[in-house]
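Report on the following structure.
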Amino acid sequence: MVDRLAGWFATRGWTPFDFQLEVWRAYLAGENGMIHSATGTGKTLAAWMGPLGEWLLENPGTDGKKGHRNDAPGLRVLWITPLRALAADTELSLRLPLEELGVPWTVETRTGDTSQSLRKKQSERLPTTLITTPESFTLMLTRDDAEELFGELRCIVVDEWHELLSTKRGVQTELALARVRRLRPGVKTWGVSATLGNLEDASQTLQGVGAQARIVEGHIAKEIVIDSILPTNITRFPWSGHFGTSMIPPVIRSIEDGGTCLIFTNTRSQAEIWHQSILDNRPDWVDQIGLHHGSLDREVRDRVEADLKEGRLRAVVTTSSLDLGVDFSPVDRVLQLGTPKGVARLLQRAGRSGHRPGAASRVTCVPMHAFELVDIAAARTAAMNGRIENREHLSKPLDVLAQHVVSIAAGSGFRYEAMRDEVRTTVAYRDLTDEEWDWVLDFVVRGGDALRAYPEYRRVVVEDGVYRVTDKDIAKRHRMSIGTIMSDMAMTVQYVTGGRLGTVEESFLARLKPGDRFLFAGKALQFVRISDSTAWVKRAPNLKGAIPRWAGGRLPLSTELAHAIRQELECAKYGELRSSEMELMAPILAVQANWSAIPAEDEFLIEQLETNEGHHLFFYPFEGRLVHEGLAALFAYRISRIQPITFSMACNDYGFELLAPEEAPLAQAIQQGLISPENLIHDIPASLNAAEMAKRQFREIARIAGLVFQGYPGMHKTLKQVQATSGLFYDVFARYDPKNMLLQQADREVLEKQLEKSRLASALARLEGSTILITNPESPTPMAFPILVDRLRDTVTSENITQRIQKLSLKLEKEAG
DNA sequence: TATTCCCCGCCAGGGT
């Protein structure tokens with residue numbers, strides 16, 4: 001059979017890769033597995049040919065004859081994809097071999113935007129292959145005929161598993177998979193994943209506790225090139241900032257070189273700014289440069305994606321919204337503006353180019369300020385040494401479990417023990433205690449201790465030992481709330497004439513007066529008014545105006561990249577400049593070394609200095625900004641226990657600053673355990689407003705667990721309302737039901753997600769074992785400078801900033817030059 | 001002079 005499939009490749013002039021043959025053999029031998037490789041290596045075909053080969057094996061002599069659609073069996077393959085936008089492309093690529101091999105299978109998509117007519121058809125008869133999202137997959141389980149639906153299923157493929165793993169969407173998928181395995185014990189699961197550090201764990205999480213699976217490495221000779229555009233004059237290159245104006249000309253030259261170019265940025269406003277800057281310089285490219293980010297309306301993005309695919313665009317400026325997708329488009333060149341933040345992320349982006357087996361993938365990094373040259377050099381070293389980030393699975397999020405049990409109760413129903421054992425086959429809930437299981441059931445049956453008086457929280461009833469949702473209205477509301485994604489606090493931006501452009505933060509729009517101009521979706525817009533929670537706009541006559549700021553997530557430097565940066569600096573300290581980027585950095589590093597020091601890997605640098613602002617302490621753990629926020633608060637708290645003192649704090653991915661009017665007792669603090677990982681559990685909540693953070697985190701939990709209903713489509717509650725309602729629940733639970741496990745979960749999530757507690761603890765352990773290096777520079781060093789500027793921007797008037805920054809830069813420039 | 005902060009999903013029932 002493998003030979004016949006290889007023959008199909010041969011007719012297309014392709015030679016199957018060894019890893020593809022390995023997948024088919026393993027599949028036909030009845031194995032589960034996961035395929036792991038860079039993008040553009042033929043993973044999709046590898047996964048698809050397994051079930052296809054099985055069908056051919058059962059139906060010999062099919063080759064060459066055109067099959068009949070009517071002969072198609074029921075649902076055999078379920079294909080899970082994390083993105084709606086990927087579904088259509090996948091559908092096409094799965095169909096091709098079907099037609100050529102004469103297999104009468106059908107392939108259809110079912111996601112949130114599947115048409116009513118197709119939906120109706122599918123409710124009568126499912127296709128042989130259904131492509132769907134985790135959310136729509138779970139929705140299928142809420143049907144009362146769920147058992148029949150999956151009765152003939154042979155195989156589940158989970159595409160881009162690395163995207164789902166380590167998120168609540170991944171946990172939701174784990175639970176749904178456990179359910180289907182119970183309904184259909186022989187079903188095979190194959191995962192498809194891009195580069196990932198912790199393969200074994202990723203595979204186990206997909207397959208469930210105790211299941212055996214084969215990991216197939218899709219190692220084909222895939223050359224990856226990471227290079228950079230270097231600034232011509234390093235002494236005039238900015239020491240901080242993220243706009244990188246001076247790099248516009250060389251970037252434009254790269255675009256001119258020809259081919260289609262993807263330009264990745266780290267933020268949405270950066271994408272808007274660069275899109276505009278490129279057009280300012282090349283107005284003749286007005287129809288050839290696209291813009292793509294998560295706040296743009298789906299329709300606007302679809303158009304850009306289609307143009308890209310058809311080769312109508314010269315370049316697209318984008319955020320990670322194009323990290324996945326557009327697999328068949330002719331992307332020739334990938335640029336990364338600013339620090340890549342992580343190794344896997346950079347490799348993923350490199351993989352957008354040369355998206356053909358055998359072709360080289362290349363990404364060109366463009367630094368926005370001087371120290372980003374170090375990031376680039378470090379990312380390359382880490383990538384070449386195969387130091388890829390892990391994605392850890394989540395453990396026991398009870399909100400997701402509560403949602404899942406209601407889903408199953410709304411479908412075929414379940415029994416206490418069988419369901420508990422089924423849930424425990426997932427890696428996420430393998431340690432679920434009886435107490436926790438009882439609590440979750442009590443929560444959905446009675447509403448827990450605090451809500452027992454309210455019938456709408458008695459969602460599930462027990463009849464003869466079977467847990468079911470009997471109330472039609474409750475079932476309907478539940479189906480409308482399935483999923484784990486919280487949407488942003490944003491307002492629709494729409495032309496008064498009709499066309500929707502996308503969404504922008506309420507806080508930005510609230511500051512605008514009618515007539516104010518701003519740049520959004522690559523267009524100059526004039527604000528008209530706000531009504532019906534929509535910001536109405538019209539085209540503005542010219543392009544000058546503000547650019548929206550989004551309160552998006554703050555992606556910290558990954559652990560692997562942070563580690564690589566420390567190594568890169570250590571090499572530089574001993575005069576070993578291993579790349580052109582580091583060579584270029586030499587004058588700036590020399591200033592750092594002369595004024596203060598460059599820390600070696602086992603050194604913890606602290607800079608102490610006085611300016612007319614006060615007494616500064618700069619700490620450089622190189623652990624990413626989330627950890628630094630936690631460390632800054634922790635250190636401030638610990639120092640203030642020795643001597644009452646109030647600090648202002650600032651941080652970036654390299655380090656943080658504590659500033660006070662008087663000198664802090666640093667030496668004493670270090671002696672008394674400033675850096676100790678001990679008492680972290682006590683000191684973290686004491687140093688931060690942890691209760692307020694937990695209350696905010698509880699918003700998501702309340703939504704997922706089904707406490708807060710978002711409202712019917714088209715009349716969504718605003719986020720403020722959801723916040724208020726969930727805040728109310730939080731207060732009620734805290735007062736009347738303090739043992740509520742969802743409250744504890746909120747505390748845990750704050751510690752882990754917002755403060756990265758385990759990373760913070762291991763950082764402290766590392767720093768405690770380091771040699772502490774205290775220096776007393778006369779003025780802020782190159783490493784201190786970006787942190788300082790960041791704080792100044794928030795606190796001082798713009799005139800003062802300008803003068804100060806000018807003075808500082810001049811001084812630094814003189815020294816470096 | 002510098003501006004900054006990813007992404008992803010989801011309904012049902014009654015009318016024509």
Side-chain angles (χ1 to χ4, degrees), chain A residues 81-87 110-114 116 119-120 123 132-139 142 160 163-164 167-170 172-173 238-246 264-274 292-295 298 301 318-325 337-342 345 348-349 368-369 403 407 472-473 475-488 505 546-556 625-626 652-653 703-704 710-714 716 786 789-790 792-794 798-810:
Chain A
T81 169
L83 253 71
R84 278 197 308 226
L86 280 182
R110 182 176 184 119
T111 64
D113 48 23
T114 296
Q116 286 296 315
R119 229 157 238 258
K120 189 146 185 286
S123 69
T132 188
T133 57
E135 286 78 8
S136 290
F137 179 23
T138 303
L139 270 166
T142 68
E160 313 277 8
E163 278 293 312
L164 293 170
T167 68
K168 288 186 180 180
R169 293 185 82 196
Q172 186 187 354
T173 310
W239 306 79
S240 76
H242 83 295
F243 186 20
T245 355
S246 65
F264 284 103
T265 62
N266 287 331
T267 69
R268 285 165 283 189
S269 42
Q270 199 180 12
E272 293 273 355
I273 291 170
W274 269 82
H292 194 286
H293 60 71
S295 287
R298 186 71 247 175
R301 282 191 273 169
T318 180
T319 59
S320 38
S321 59
L322 273 186
D323 272 351
L324 302 176
L337 304 187
T339 168
K341 299 270 189 184
R345 191 179 156 90
Q348 173 88 23
R349 289 180 174 181
M368 300 285 103
H369 65 82
Q403 187 186 95
S407 294
K472 275 210 149 78
D473 208 47
K476 181 175 149 189
R477 278 168 44 141
H478 179 75
R479 287 193 187 98
M480 286 193 285
S481 318
I482 277 177
T484 60
I485 299 173
M486 283 293 288
S487 31
D488 298 338
E505 296 282 308
I547 292 144
R549 295 166 55 158
W550 284 268
R554 284 187 268 172
L555 206 66
R625 74 177 304 148
L626 285 181
N652 68 5
D653 277 327
R703 220 281 287 153
I704 295 173
Q710 300 254 70
Y712 291 92
H716 277 292
V789 171
D790 204 49
L792 284 175
R793 207 175 51 229
D794 289 342
S798 57
E799 202 174 3
N800 276 338
I801 295 185
T802 310
Q803 286 168 359
R804 278 177 205 207
I805 289 169
Q806 242 165 6
K807 233 165 71 187
L808 282 170
S809 334
L810 268 176

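In the text below, chain A, chain B and the rest are named by the order of the sequence lines, each starting its count at 1.
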For A/Thr142 and for A/Pro238, find the nucleotide of DNA chain B with the closest heavy atom, then tell me which residue's nucleotide is more 5'.
-> A/Pro238
Nearest-Å distance, CG (A/Leu555) to P (B/dC5)?
-> 14 Å
What pairs with A/Arg625 under side chain to side chain contact (heavy atoms under 4.5 Å, CB included), at least two apart in sequence or on another chain?
-> A/Arg554, A/Glu629, A/Cys651, A/Asp653, A/Asp790
A/His293: partners by ring-ring contact (aromatic ring centres under 6.0 Å, His included), with sequence neighbours left out = A/Trp550
Distances for protein N or O near nucleotides 7-9 of chain B N or O, under 3.5 Å:
residue, atom, partner, partner atom, Å
B/dC7, OP1, A/Gly294, N, 2.7
B/dC7, OP1, A/Thr319, OG1, 2.5
B/dC7, OP2, A/Arg268, NE, 3.4
B/dC8, OP1, A/Arg301, NH1, 2.8
B/dC8, OP2, A/Arg301, NH1, 3.4
B/dG9, OP1, A/Arg84, N, 2.9
B/dG9, O3', A/Thr133, OG1, 3.4

Closest approach of A/Ile704 and A/Gly483, non-hydrogen atoms and distance?
-> CG1-O, 4.1 Å
Gap between atoms CG and P, on A/Asp653 and B/dC5 respectively (whole Å) = 15 Å
Hits for side chain to side chain contact (heavy atoms under 4.5 Å, CB included) against A/Pro134, two or more places apart or cross-chain, chain-then-number order -> A/Ile80, A/Leu164, A/Arg169, A/Thr173
Scan A/Leu139 against the nucleic acid and name what it touches under 4.0 Å (heavy atoms): base, sugar-phosphate only, or nothing.
-> sugar-phosphate
Mind checking what makes side chain to side chain contact (heavy atoms under 4.5 Å, CB included) contact with A/Ser407, not counting sequence neighbours?
-> A/Thr138, A/Thr142, A/His478, A/Ile482
Which whole-number value in Å describes the distance from A/His478 NE2 to B/dA12 C1'?
-> 15 Å
Base, sugar-phosphate, or nothing for A/Arg349, non-hydrogen atoms under 4.0 angstrom?
-> nothing
Which pair of heavy atoms, one from A/Thr319 and one from A/Ala271, lies closest together, and at what distance?
-> CG2-CB, 4.3 Å
Nearest-Å distance, CZ (A/Phe243) to P (B/dC5)?
-> 13 Å
Could you tell me whether a side-chain N or O of A/Arg549 sits under 3.5 Å from a main-chain N or O of A/Glu505, the two making a donor and an acceptor?
-> no
Between CD of A/Gln172 and P of B/dC10 the distance, given in whole Å, is 10 Å
Round to the nearest Å and state the distance from A/His369 atom NE2 to B/dT3 atom C1'.
-> 13 Å
To the nearest angstrom, the CG-C1' distance between A/Asp473 and B/dA12 comes to 11 Å
Using a 90° cut-off around 0 for syn, call B/dC10 syn or anti.
-> anti
Polar atoms only, N or O, under 3.5 Å: list the protein pairs with nucleotides 14-16 of chain B and their distances.
none

Note: for A/Arg110 and A/Gly244 on DNA chain B, the residue whose nearest nucleotide lies more 5' is A/Gly244
Do A/Thr265 side-chain atoms and A/Thr318 backbone N/O form a donor-acceptor pair below 3.5 Å?
-> yes
For atom CD of A/Gln403 and atom P of B/dC10, their distance in whole Å | 13 Å
What distance do A/Phe243 atom CZ and A/Met368 atom CE have between them, rounded to the nearest 0.5 Å?
-> 9.0 Å
